[in-house]
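Note sheet for the following structure.
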Amino acid sequence: MLNITTFLDANSKRLDKNVLYNPTTGDKYNSGELLSIVSEIGRNLKESGVKKGDRVLIYLKNSEEYLLSLFAVWRIGAIAIPTNRIMTVSELEYIISDSQATLMITDDEAPSIEISTYVPHNISSYKNCEVLPAENTDWDDLCQLQYTSGTTGKPKGAMLTHGNYFTAIHNECDVLTLKQDDVFLGIYPMAHVGLSWAIAALRAAAYYILIEQFNLDEYLELCENEKVTVLTGMPPVIHSLTTINAQKQLKTVREIISGGGPLHKKIWKDFHQTYRIPIINAYGLSETIVIGTGTVIRPEDYREADRFESVGHPVCFSEVKIVDEADSNNVLPKYEQGEIALRGPAVAKGYWGNEEKTKASFLDDGWFLTGDIGYLDDDNRLFITDRKKDMIVMSGWKIYPTEVEEVLIKYPAVKEIAIFSINDCHRGEIPVAAVVWESEKDSEGLINYARENLSRYKVPRQIYDLDELPRVNGWKLLRRELREMFKN
């Protein structure tokens, strides 16, 4: 038997300390209370007719209700479908139809959709309820359908298992060297697999502070007041920290996580030189539960080289190789760019109800083709250069947007930049740039800088000015949306 939620049983028997705090509500919970609440929600779901293997969609705001409802679905052997609160009705209806979900866990503010609902009211009153035994589930039993963000076409449901999560939690505890006296500040959306970092913190019985909605001032205040030791971040947050002096607020932080998109070398180096806090720069996907099967830079890597660009070595149980984009049987040599392939026990079983796309990405020998482009160096460190689908092909020339961004972000007038393609009747595609300026725009100066520092074919043909770049929850860059905004 392997049911992921049984770590709550173990922790509740050996520890009597708070492990979860929501500053918005002021509520705090110990492991035993979490187990009681999960048990009561699980009982309510079973009374609502949910059975082992049923799909249950969660549509709540970031909150302890969300987290503990997720655990409750796992507890009873059902399959959770985390969804983001910003999803539209049509997006939700597509996922409900595709997954054949039988129930939606939500609140009184949810839109009217044709599906049975359960509303977890006043869960703090469940703190002393009877424990519900965990359903007997196996390593390969599904516990979650993680729908991808759908950069092309409709979202796909990655089939994640109890064994996948077991591996991910183990690896994240290991990478962060989490201990009971750690204080973990979490900002990742509950609907994202990045939540697994927080679940790892709970597994280690660290003190997890749950931020419902990111605000930089609150983030820094909590860091200082709660003496945070492990901090979650993302490239825009880390960039923000390089523009201010937050030494006092971050003085207890021993490491900060980055992921969800490329962290430009200049920003990474500026942060390191300012704060001397190691960045745990991780690489993984929804289909691998972040670094369940993936790679990561650890604090010890900072002793080796001033590189500030690699996502490091494979974590425990993981393998990585670079293959030809046109022929996955052709493994490429060191430093040659190609598609990144991962293999390990946290790789999803495939895409729900989509045999064609499963066969295209999940190979028979266990390798998963990520759709990301990168290379390995002499030390077998992985470097991400781009998304396969974001690569620009202009008159046969291959242009990797992240490579161009790494150069142009160094131009002093540029605050943020995204390189993407627009159609061109002569060349097929041409590279263009969307820029958020530090203060005054300087398109001419940026183009001249690009010409001095890039091959001619990589220079953006057009500069578009924006107040902010489109991102998923302020996180993952949406190049697709930029292409739609400025298509010709």
Side-chain angles (χ1 to χ4, degrees), residues 4 38 41-63 65-121 123 135 137 141-162 164-165 188-196 285-287 289 348-358 361 472-473 476 478 480-481:
I4 291 303
V38 168
I41 295 174
R43 254 189 301 272
N44 292 340
L45 292 175
K46 294 182 80 169
E47 289 170 3
S48 298
V50 178
K51 305 182 296 297
K52 182 179 180 180
D54 283 348
R55 275 75 65 204
V56 177
L57 188 139
I58 305 175
Y59 182 67
L60 291 165
K61 298 172 183 174
N62 286 335
S63 60
E65 284 86 357
Y66 201 127
L67 173 68
L68 301 180
S69 293
L70 178 69
F71 285 171
V73 175
W74 293 352
R75 186 83 177 176
I76 65 173
I79 302 169
I81 307 172
T83 61
N84 198 305
R85 189 63 181 207
I86 65 173
M87 279 186 173
T88 64
V89 170
S90 62
E91 289 171 327
L92 288 170
E93 288 177 336
Y94 168 77
I95 291 175
I96 290 168
S97 172
D98 186 70
S99 66
Q100 294 296 292
T102 58
L103 182 136
M104 179 168 71
I105 302 175
T106 188
D107 55 34
D108 296 327
E109 299 174 15
S112 178
I113 297 177
E114 278 194 48
I115 188 172
S116 299
T117 59
Y118 165 67
V119 178
H121 278 304
I123 66 166
E135 182 69 34
T137 52
D141 283 345
L142 297 188
C143 67
Q144 188 162 315
L145 294 183
Q146 185 69 39
Y147 277 82
T148 62
S149 56
T151 53
T152 58
K154 293 290 188 182
K156 306 181 295 291
M159 297 187 288
L160 304 176
T161 71
H162 284 265
N164 293 156
Y165 259 97
Y188 298 144
M190 296 283 175
H192 192 273
V193 288
L195 178 65
S196 59
L285 305 93
S286 295
E287 293 90 341
I289 317 183
K349 293 180 76 171
Y351 295 120
W352 176 267
N354 198 326
E355 187 175 349
E356 179 184 353
K357 290 187 177 176
T358 294
S361 297
V472 178
N473 299 318
K476 185 179 290 186
L478 291 172
R480 172 177 56 86
E481 192 166 313

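Computed over heavy atoms, backbone and side chain alike; hydrogens, waters and symmetry mates excluded.
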Any chance the side chains of Glu287 and Tyr351 put a donor and an acceptor closer than 3.5 Å? yes

May I ask you to test the Leu45-Asp54 pair for a side-chain heavy-atom distance under 4.5 Å? no

Output all residues satisfying side chain to side chain donor-acceptor pair (under 3.5 Å) with Thr161, sequence neighbours left out; order by chain, then residue number. Asn164

Within a strict 4.5 Å, meaning less than it, do heavy atoms of the Val38 and Trp74 side chains meet? no

Just how far is it from atom CD1 of Ile41 to atom CD of Glu65, taken to the nearest 0.5 Å? 7.5 Å

Could you check whether any side-chain heavy atom of Arg75 comes within less than 4.5 Å of a side-chain heavy atom of Lys46, counting everything from C-beta outward? no

Using modelled atom types only, decide if a donor and an acceptor are shared between the side chain of His162 and the backbone of Asp141 within a distance under 3.5 Å. no

Could you check whether any side-chain N or O of Ser97 sits under 3.5 Å from a backbone N or O of Glu93, counting only pairs where one atom can act as donor and the other as acceptor? no

Report yes if the side chains of Asp98 and Leu145 come closer than 4.5 Å at any heavy-atom pair, otherwise no. no

Going by heavy atoms in the side chains, are Leu103 and Ser48 under 4.5 Å from each other? yes

CH2/Trp352 to CD1/Ile95 distance, rounded to the nearest 0.5 angstrom? 13.5 Å

What distance separates Arg55 CZ from Ile81 CD1, expressed to the nearest 0.5 Å? 7.0 Å

Atom CD1 of Ile289 and atom CD of Gln144: how far apart are they, to the nearest 0.5 Å? 7.0 Å

State, with a plain yes or no, whether a side-chain heavy atom of Met104 is found less than 4.5 Å away from one of Thr83. no

Is the NZ atom of Lys51 crowded by more than 12 outside heavy atoms at less than 6.0 Å? no

